[in-house]
Amino acid sequence: MSELQEVQITEDNPLLQDPLKAAELAAKLLQVQEQKHSIETPYGVVTVTIQGTPKPKRPAIVTFHDVGMDHKMCFDTLFKYEDMCEIVKNFVVCHIDAPGQEDGAAAYPPGYQYPSLDQMAETIPCVLQYLNFPSIIGIGVGAGAYILAKYTLAHANTVEGLVLINIDPNAKGWMDWAAQKLTGLTQSISDVMLGHLFSAEEISGNSDVVRQYKASILNSPLISNYQLYWNSYNSRRDLNLERGGGVTLKCPVMLVVGDQAPHEDAVVECNSKLDPTQTSFLKMADSGGQPQITQPGKLTEAFKYFVQGMGYIPHILDKKRSMGGFLMYDSSVSLSHRLSLQRGESLTFSHPVPEQRVGGRTSSSPGGSDLLKGREPGDL
């Protein structure tokens, strides 16, 4: 019998250990799975980008972007974040671009009748019917948050949850309108949009993000289309939300705004008009006007608890970077009892307190943190 010899086998493609490389791979996989559709609606052609495949008995995640950008500029940083990729692989994702805002769109001719935000909200049923999505979790920023909220008020039975970033549910008053007109006489449209997207501190500091988005708006061949979307946003009507009244968002809602963001007061007011048992409010420190871009890690953590609280993906393996280990979180613990976004810290977790279902409402055992639900926030 011949003598056994020891043979060393090396792996040609070792598993990725570098988180950056893992995130790059996840982003490439998402790009491979992307499908684009142009969908006819009563208010023009809407372009949507689909990532992943529909999951049985799970809603689609539908995003709607803000003015001065398309879905990539608004959401790529968030959805390519490594931990977010781990979450959204459990859902199909649908990014909706407002008419004429998508990359490669043709400029509209002078005098084109661009749809209002209310009309854009009515393009969403066309999209969902075309894609055969029975229900959604919406993620919107600025104008996109308003559009998703407007859609939800009219089609509440199709929306399981909303993440609304920088939402202003109010129509512009006469003073706001006059100030906007005056600003338009002294500033370029790109500067006006930057003032909507970013805080005064970010703009005066001329951060890399601000420079990048300013250049993108200035150099875009779609600047005239951007202005049409901007005009529709400034002509929006009041959503007339009323806590305890007939007009309110009946699904779970997570409101998000950055500390010292341009829309901080508007989001605080929106929070005061929503059902406190259904609403969580995150005021994120050091995130400026676009938290989904500047703080994707914090927002991903919050979104994870949000979907867990809705009963989806009840156990997600989460890296605990400070200890190098792993934690498992239970969906029976509410977002407000688990999550606190502290100034100068990435995330702080409060003591878990189980929720109990009482008469269709959620109540929490005493002794836990009542940090976010239905309260006017401090600096978190």
Side-chain angles (χ1 to χ4, degrees), residues 23-24 27-28 30-31 34 36 38 44-49 51 63-81 84 93 95-108 112 114 117 120 139-147 165-168 180 183-184 186-234 256-258 260-263 286-297 299:
E24 289 175 3
K28 289 179 180 177
L30 280 176
Q31 289 176 350
E34 280 188 359
K36 289 188 178 294
S38 295
V45 176
V46 172
T47 299
V48 301
T49 303
Q51 295 174 342
T63 74
F64 215 116
H65 61 90
D66 203 355
V67 300
M69 52 178 67
D70 60 11
H71 83 270
K72 290 184 179 179
M73 293 171 64
C74 192
F75 292 111
D76 259 13
T77 302
L78 176 64
F79 279 85
K80 289 182 178 178
Y81 189 75
M84 191 64 168
V93 179
H95 297 292
I96 301 178
D97 282 305
Q101 311 299 300
E102 73 276 10
D103 186 29
Y108 290 121
Y112 179 80
Y114 196 75
L117 296 196
M120 277 184 259
I139 304 178
V141 181
Y146 178 102
I147 290 168
I165 304 169
N166 297 338
I167 186 171
D168 187 342
Q180 189 69 49
T183 301
T186 59
Q187 290 184 316
S188 66
I189 186 63
S190 60
D191 287 334
V192 172
M193 286 185 184
L194 283 177
H196 165 83
L197 295 172
F198 298 101
S199 67
E201 291 77 7
E202 289 175 291
I203 294 172
S204 62
N206 200 28
S207 67
D208 291 342
V209 172
V210 171
R211 287 199 300 272
Q212 175 189 348
Y213 279 77
K214 183 175 184 178
S216 177
I217 294 172
L218 276 173
N219 299 326
S220 174
L222 298 177
I223 187 69
S224 59
N225 289 9
Y226 286 176
Q227 184 153 10
L228 292 174
Y229 189 18
W230 172 247
N231 292 342
S232 290
Y233 176 68
N234 286 312
V256 183
V257 70
Q260 299 182 341
H263 311 285
D286 304 320
S287 62
Q290 299 292 309
Q292 81 283 4
I293 295 171
T294 58
Q295 295 285 2
L299 189 53

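Just so it is clear, the values below take in all heavy atoms, side chains as well, and ignore hydrogens, waters and symmetry mates.
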Find the distance between OG (Ser188) and CG (Leu218) and round it off to the nearest 0.5 Å. 6.0 Å
Do His196 and His263 make a side-chain contact, defined as non-hydrogen atoms from C-beta onward lying under 4.5 Å apart? yes
Least distance between heavy atoms, Ser287 atom then Gly258 atom: OG-CA, 3.2 Å
Starting at SG of Cys74, measure out to CZ of Phe79 and round the result to the nearest 0.5 Å. 9.5 Å
Exercise: identify the closest heavy-atom pair between Ala107 and Pro221: CB-O, 4.5 Å
If we ignore hydrogens and angles and just use 3.5 Å, is the side chain of Asp66 paired with the main-chain N or O of Ala143 as donor and acceptor? yes
Report yes if some heavy atom in the side chain of Glu102 is under 4.5 Å from a heavy atom in the side chain of Val46; otherwise report no. no
Answer yes or no: is there a donor N or O on one side and an acceptor on the other, between the side chain of Gln212 and the main chain of Val210, under 3.5 Å? no
Under-4.0 Å salt bridge between Lys72 and Asp76: no
Sort out for me which residue in Val256, Ile293, Thr294 forms a side chain to side chain contact (heavy atoms under 4.5 Å, CB included) with Leu299. Val256
Closest heavy-atom pair and its distance - Gly288, Ala261: O-CB, 3.6 Å
Side chain of Gln295, backbone of Asp286: donor and acceptor closer than 3.5 Å? yes
Output, in order, the C-alpha distance, side-chain angles, deciding distance and verdict of side-chain contact (heavy atoms from CB on, under 4.5 Å) for Met69 and Val141. CA-CA 11 Å; Met69 52 178 67; Val141 181; 6.0 Å; no
Beyond-backbone contact of Ile217 with Leu197, side-chain heavy atoms, under 4.5 angstrom: yes
Would you indicate whether the side-chain heavy atoms of Gln290 and Thr77 approach each other to under 4.5 Å? no
Between Tyr226 and Ser190, is any pair of side-chain heavy atoms under 4.5 Å apart? no
Flag the pair Met120 / Tyr114 as yes when at least one side-chain heavy-atom distance between them is below 4.5 Å, and no otherwise. yes
With respect to His65, which candidate in Tyr229, Phe75, Tyr233 satisfies the ring pair (Phe, Tyr, Trp, His ring centres under 6.0 Å) definition? Tyr229
Write down the atom of Ala105, the atom of Leu222, and the distance for their closest heavy-atom approach. O-CD2, 3.1 Å
Roughly how far apart are Leu78 CG and Ile165 CD1, rounded to 0.5 Å? 7.0 Å
Where is the tightest heavy-atom contact between Pro262 and Gly289, given as atom of each residue plus distance? CD-CA, 4.1 Å
Quick check: do Pro296 and Met84 have side-chain heavy atoms less than 4.5 Å from each other? no
Is it true that a side-chain atom of Gln101 and a backbone atom of Val67 form a donor plus acceptor pair closer than 3.5 Å? no
May I ask you to check whether over 12 heavy atoms, not counting those of Asp103, lie within 6.0 Å of atom CG? no
Looking at every heavy atom in both Phe64 and Ala98, which two are closest together, and how far apart are they? CE2-CB, 3.8 Å
Any side-chain heavy atom of Arg211 within less than 4.5 Å of one from Asn206? yes
Using only atom types and a distance under 3.5 Å, with no angle test, would you say the side chain of Asp70 pairs donor to acceptor with the backbone of Asp97? no
